[in-house]
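Below: the structure, in structure tokens.
Worth knowing before you read on, the calculation uses all heavy atoms, side chains too, and leaves out hydrogens, waters and symmetry mates. Both ligands and their constituent atoms are indexed starting at 1 by order of listing.
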Amino acid sequence: MTPKISRFLAEQQPATPCLVVDLDVVESNYRALHDALPAGKIYYAIKANPAPSILKRLVALGSSFDAASLEEIRMCLKAGATPDRISYGNTLKKVGAIREARDMGIDLFVLDSMEELEKIAENAPGARVFCRLAVENEGADWPLSRKFGTTIAHARDLMIRARDLGLHPYGLSFHVGSQQTGIAAYQHAIATAARLYHELRAEGLDLQMINLGGGFPTHYREDIPSVQEFGAAIQAALREYFPDGQPEVLLEPGRYMVGQAGVVSSEVILVSRRGGAETDPRWVYLDIGRFGGLAETEGEAIRYTFRTSRDDTDNSRSPCVVAGPSCDGVDILYEKNRIPLPNSLKSGDRIEILATGAYVSTYCSVGFNGFPPLTEHYI
Ligand SMILES: *Cc1c(COP(=O)(O)O)cnc(C)c1O
């Protein structure tokens with residue numbers, strides 16, 4: 001948590017639950033990735049947190065954007081991004097959305113199937129397209145590989161067909177899985193994409209770009225490699241697999257860019273041992289849970305860090321099950337990975353959940369059990 005967020009929480013005492021995001025952290029994350037991989041063009045994956053103040057800050061820094069829908073494209077344009085800085089990066093697009101995006105000046109579309117290719121050829125004639133490859137997502141806490149991406153063999157056919165349909169087969173992309181903590185995943189994926197890239201260029205196709213997707217991790221509980229380590233390894237892989245000059249390289253960080261910038265402030269509703277005995281597990285119920293934005297606790301995949309208002313005065317700790325406020329049985333955040341919390345914790349205490357800037361505000365349900373959406377503060 002940054003001093004700016006601490007000060008804001010102490011001075012403003014905002015109603016809980018709320019998300020507080022320090023925009024300076026977003027800026028320093030952008031700069032750190034840019035410095036670690038100067039050859040990469042950053043397309044912020046706006047689904048991680050589409051707050052206008054984040055988009056505006058990134059526009060000012062020179063970022064481009066990966067949008068997944070017409071609405072996300074509009075948000076980028078509204079924040080000041082020009083259409084040439086926006087990629088329509090969802091392999092699932094309605095025909096009307098392709099046409100409208102094209103009318104708005106978008107000229108870069110992803111695909112991973114023949115039908116999507118034909119939709120783009122018909123509704124955005126002449127556009128630049130890139131094909132998403134399915135790659136290994138090992139090492140990622142939040143994998144994406146089952147739903148998207150195609151095989152090398154089919155990608156080859158798709159790119160050749162794209163040329164025949166009058167599109168510009170522009171490049172290849174992949175996503176190594178979100179919260180990817182293994183550097184090797186990028187190296188393997190670059191090697192795979194490079195082989196096809198060279199093969200297609202040898203066939204006369206004018207491929208120019210490799211899109212490395214997102215995946216760069218945020219620091220939660222476990223240690224992660226630094227962005228410098230990712231940058232150095234990726235640069236080495238690019239040199240190795242593109243010895244005769246590098247293609248244009250796109251990066252689509254989402255989580256990395258905003259995760260560390262946000263803190264959720266919440267309140268303890270109840271601390272209970274429901275069996276009544278001291279040996280029964282201690283349950284801590286918060287005013288935010290799975291439906292209030294902490295959806296990535298599904299399967300305890302993303303493991304957030306907790307700070308309480310008693311941490312400095314009470315050194316005793318015992319492991320707690322932590323759950324949300326709704327009347328839904330799946331609204332349990334951590335039961336396998338219990339959270340050590342002070343023994344004196346009780347209802348009314350504040351709890352801060354760290355590194356919650358990504359994939360929280362937009363995962364929040366609207367009005368489930370009558371709880372209002374998460375309040376957001378961008379400072
Ligand atoms: C979600 C998404 C990203 C961002 O992934 P992170 O793991 O948050 O960096 C990047 N590219 C595409 C196509 C995505 O769908």
Report task. Keeping to residues at least two apart or across chains, list the side chain to side chain donor-acceptor pair (under 3.5 Å) pairs with something in residues 31-41. Result ->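 Listed by first then second residue: E27-R31.
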Query raised in the report: Which pairs count as side chain to side chain donor-acceptor pair (under 3.5 Å) when at least one residue sits in residues 175-187, sequence neighbours excluded?
Result: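 For residues 175-187, and leaving out neighbouring residues, the side chain to side chain donor-acceptor pair (under 3.5 Å) pairs sorted by first residue read S178-R255.
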Query raised in the report: Hey, mind stepping through E376 and S361 against side chain to side chain contact (heavy atoms under 4.5 Å, CB included) and telling me if it holds?
Result: CA-CA 8 Å; E376 300 168 58; S361 55; 3.5 Å; yes
Query raised in the report: Any cation-pi pair here, K93 with Y88, using under 6.0 Å and within 45°?
Result: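 Positive - K93 is close enough to the ring of Y88 and near enough to its axis.
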Query raised in the report: If you round to the nearest 0.5 Å, how far is CE of M159 from NE2 of H154?
Result: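 If we round to the nearest 0.5 Å, H154:NE2 and M159:CE are 10.5 Å apart.
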Query - Residue pairs passing the ring-ring contact (aromatic ring centres under 6.0 Å, His included) test where at least one lies in residues 5-26, sequence neighbours excluded - result: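 Every ring-ring contact (aromatic ring centres under 6.0 Å, His included) pair that includes a residue of residues 5-26, provided the two are not neighbours, is F8-H377.
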Report task. Check each protein residue for a heavy atom under 4.0 Å from ligand 1 and list those that pass, ordered by chain and number. Result ->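 Within the 4.0 Å shell of ligand 1, which is judged on heavy atoms, sit A45, K47, D66, G89, R132, H175, S178, G214, G215, E252, P253, G254, R255, Y359.
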